[in-house]
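Each chain gets a letter, A, B and so on, in the order its sequence line appears, and its residues count up from 1.
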There are 2 protein chains.
Amino acid sequence: MAATKDPRPCSIADTLALVGEKYSLLVLREVCLGNGRFDQLVRNIGAPRDVLATRLRRLVDAGILTKRVYSERPQRFEYRPTAAGLELEPLLMILKEWGDRHLRADDRPMVVEHACGHELVPLVTCAACGEEVRHEDLTAHPQSPGWTVSGPVAA
Amino acid sequence: MAATKDPRPCSIADTLALVGEKYSLLVLREVCLGNGRFDQLVRNIGAPRDVLATRLRRLVDAGILTKRVYSERPQRFEYRPTAAGLELEPLLMILKEWGDRHLRADDRPMVVEHACGHELVPLVTCAACGEEVRHEDLTAHPQSPGWTVSGPVAA
DNA sequence: CGCCGTCAGTTGGAAATTCAAACCCTCGCC
DNA sequence: GGCGAGGGTTTGAATTTCCAACTGACGGCG
């Protein structure tokens with residue numbers, strides 16, 4: 001799990017170090033759906049119980065989930081997303097949208113409805129101008145020397 | 001890698017099966033930055049060469065990357081994102097934004113500029129109404145029986 | 001009380017992956 | 001001929017994953 005050499009310093013990599021392991025984002029999915037109990041997670045995700053236990057510890061440590069007691073005697077727990085965890089939900093929506101479009105043929109296993117009454121189609125926009133983000137409109141500026149980018153990728 | 005039992009059918013899981021393995025999204029990052037050559041990828045990502053080779057094959061098979069010859073004699077290759085690959089770039093922006101906000105203290109290693117002249121702050125919005133997506137505004141509707149959701153997660 | 005069932009994990013050992021370094025092959029260049 | 005770059009593959013050891021079984025604290029039932 002240690003970094004091999006010294007790769008590009010990057011917040012994407014840092015975030016993935018927390019939520020990029022197998023099953024972690026599926027845990028977040030279930031927890032966002034309100035299915036936060038251990039056995040529900042095992043069933044809905046299909047992960048081995050030990051791996052799941054490890055992931056849950058990590059996500060709680062990272063401040064993405066909290067472990068709450070929903071019943072003393074018998075003691076029973078439930079995992080819920082923190083505010084920081086909920087901020088990752090858009091990630092799930094984009095993964096879902098991509099999968100629906102590219103991997104499925106009109107048999108979407110889940111439909112998400114937005115409060116406005118329409119089915120949610122998530123769009124990533126620029127907070128400053130409101131435009132949808134397109135690759136050609138982006139320019140990356142590395143802040144540390146030595147970590148260059150090779151310019152825009154033309155079609 | 002086989003699914004343990006039969007977990008919830010889900011496009012999020014399907015998409016993660018393609019891009020959720022270790023390093024895959026970092027490959028996409030580099031390729032979107034224009035650093036598509038094998039040795040660049042090894043250096044910038046810090047992945048073992050063999051694992052990287054495996055990931056690249058998988059991403060090409062999935063239609064997320066293409067392998068192009070940029071020089072015959074000596075034969076040299078370069079990986080580039082396909083249209084489908086570029087559609088995953090917003091994912092990277094959200095991971096970056098989350099990491100910048102939660103994992104860093106004003107030492108962002110990369111700044112992305114949008115064509116509008118401002119630094120990019122990605123926002124996920126509803127295509128129908130334009131509003132920013134908030135957890136409380138979403139309702140999930142599973143399409144297959146047996147895969148319930150336990151209702152909204154209150155604060 | 002004795003037994004069964006649920007929930008939330010832990011344990012143990014075999015199987016699959018990852019890691020790191022070394023190696024290979026094709027070329028261009030001097 | 002030797003060196004170096006680019007783009008991988010091979011090898012063997014170190015980690016992780018997987019799976020099934022087990023634990024332990026209860027609650028309920030007869």
Side-chain angles (χ1 to χ4, degrees), chain A residues 1-8 13 16-27 30-31 33-62 65-80 148 150, chain B residues 1-7 13 16-27 30-31 33-61 65-80 148 150:
Chain A
M1 189 164 275
T4 305
K5 269 298 163 49
D6 60 315
R8 180 197 292 280
L16 284 173
L18 297 182
V19 300
E21 291 170 301
K22 199 173 178 184
Y23 305 121
S24 293
L25 286 176
L26 298 183
V27 169
E30 287 302 317
V31 162
L33 290 173
N35 302 326
R37 307 187 187 171
F38 193 84
D39 277 21
Q40 285 178 325
L41 293 170
V42 168
R43 270 190 297 280
N44 293 357
I45 296 174
R49 309 174 75 82
D50 58 341
V51 174
L52 190 57
T54 306
R55 296 291 179 274
L56 287 168
R57 263 189 296 269
R58 181 158 189 68
L59 290 170
V60 169
D61 288 355
L65 262 42
T66 43
K67 184 178 187 174
R68 294 182 32 139
V69 173
Y70 72 85
S71 151
E72 311 271 359
R73 351 203 39 74
Q75 197 146 78
R76 292 293 140 82
F77 309 99
E78 180 187 23
Y79 294 89
R80 286 157 164 266
T148 60
S150 303
Chain B
M1 187 163 274
T4 305
K5 272 296 163 52
D6 60 315
L16 284 173
L18 298 182
V19 299
E21 291 170 300
K22 198 173 178 187
Y23 304 121
S24 293
L25 286 176
L26 298 183
V27 169
E30 288 302 317
V31 162
L33 290 172
N35 302 325
R37 308 187 185 172
F38 193 84
D39 277 22
Q40 286 177 326
L41 293 170
V42 168
R43 271 190 296 280
N44 293 356
I45 296 174
R49 308 173 75 81
D50 59 340
V51 175
L52 190 56
T54 305
R55 295 293 180 272
L56 287 169
R57 263 189 294 268
R58 182 159 189 65
L59 290 170
V60 169
D61 287 355
L65 262 42
T66 43
K67 184 178 186 174
R68 294 181 32 135
V69 173
Y70 72 85
S71 151
E72 311 272 358
R73 347 204 42 73
Q75 197 145 77
R76 291 295 139 79
F77 309 99
E78 181 186 23
Y79 295 89
R80 284 156 165 268
T148 59
S150 303

Do nucleotides 7-14 of chain C as a string where each nucleotide becomes B, S or -: B if the base has a protein heavy atom under 4.0 Å, S if just the sugar-phosphate does, - if no protein is that close.
BBBBBB--
Provide, to the nearest angstrom, the distance between the [atom1] atom belonging to [X] and the [atom2] atom belonging to [N].
| X | N | atom1 | atom2 | answer |
| --- | --- | --- | --- | --- |
| B:N35 | D:dG7 | CG | P | 12 Å |
| B:L52 | D:dG8 | CG | P | 9 Å |
| A:D6 | C:dA20 | CG | C1' | 16 Å |
| A:Y23 | D:dC19 | OH | C1' | 11 Å |

Taking atom CD of A:E21 and atom NZ of B:K22, what is their separation to the nearest 0.5 Å?
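Answer for the CD-NZ pair, A:E21 versus B:K22, is 8.0 Å.
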Donor-acceptor contacts, no H, no angles, side chain residues 37-47 of chain A, under 3.5 Å, sequence neighbours left out:
residue	atom	partner	partner atom	Å
A:D39	OD1	A:R49	NH2	3.0
A:Q40	OE1	A:G36	N	3.3
A:Q40	OE1	A:R37	N	3.2
A:N44	ND2	A:E30	OE1	2.8

Short heteroatom pairs, N/O only, protein and nucleotides 28-30 of chain C, under 3.5 Å:
residue	atom	partner	partner atom	Å
C:dG28	OP1	B:R73	O	3.4

Which heavy-atom pair separates [X] from [Y] by the least distance, and what is that distance?
| X | Y | result |
| --- | --- | --- |
| A:L56 | A:Y79 | CD1-CE1, 3.6 Å |
| A:S24 | A:L18 | OG-O, 4.3 Å |
| B:Y70 | B:F77 | CE2-O, 2.9 Å |

List for me each residue that meets side chain to side chain contact (heavy atoms under 4.5 Å, CB included) alongside B:T66, sequence neighbours excluded, and say none if there are none.
B:R68, B:R80, B:T82
Examine distances only and state if a side-chain atom of A:R8 and a backbone atom of A:T148 form a donor-acceptor pair shorter than 3.5 Å.
yes
side-chain N/O A:R55 vs D:dT17 OP1/OP2, d < 4.0 Å:
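Yes, because at least one side-chain N or O of A:R55 sits under 4.0 Å from OP1 or OP2 of D:dT17.
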Compute the bend angle of the helix from C:dC1-D:dG30 to C:dC30-D:dG1 from the end axes (five pairs per end), rounded to 10°.
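Angle reported: 0°, given to the nearest ten degrees.
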Which residues pass the side-chain hydrogen bond (donor to acceptor under 3.5 Å, both in side chains) test with B:D50, not counting sequence neighbours?
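Result, side-chain hydrogen bond (donor to acceptor under 3.5 Å, both in side chains) vs B:D50: none returned.
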Could you go through the side chain to side chain contact (heavy atoms under 4.5 Å, CB included) check for B:R55 and B:V51 one step at a time?
CA-CA 6 Å; B:R55 295 293 180 272; B:V51 175; 3.8 Å; yes
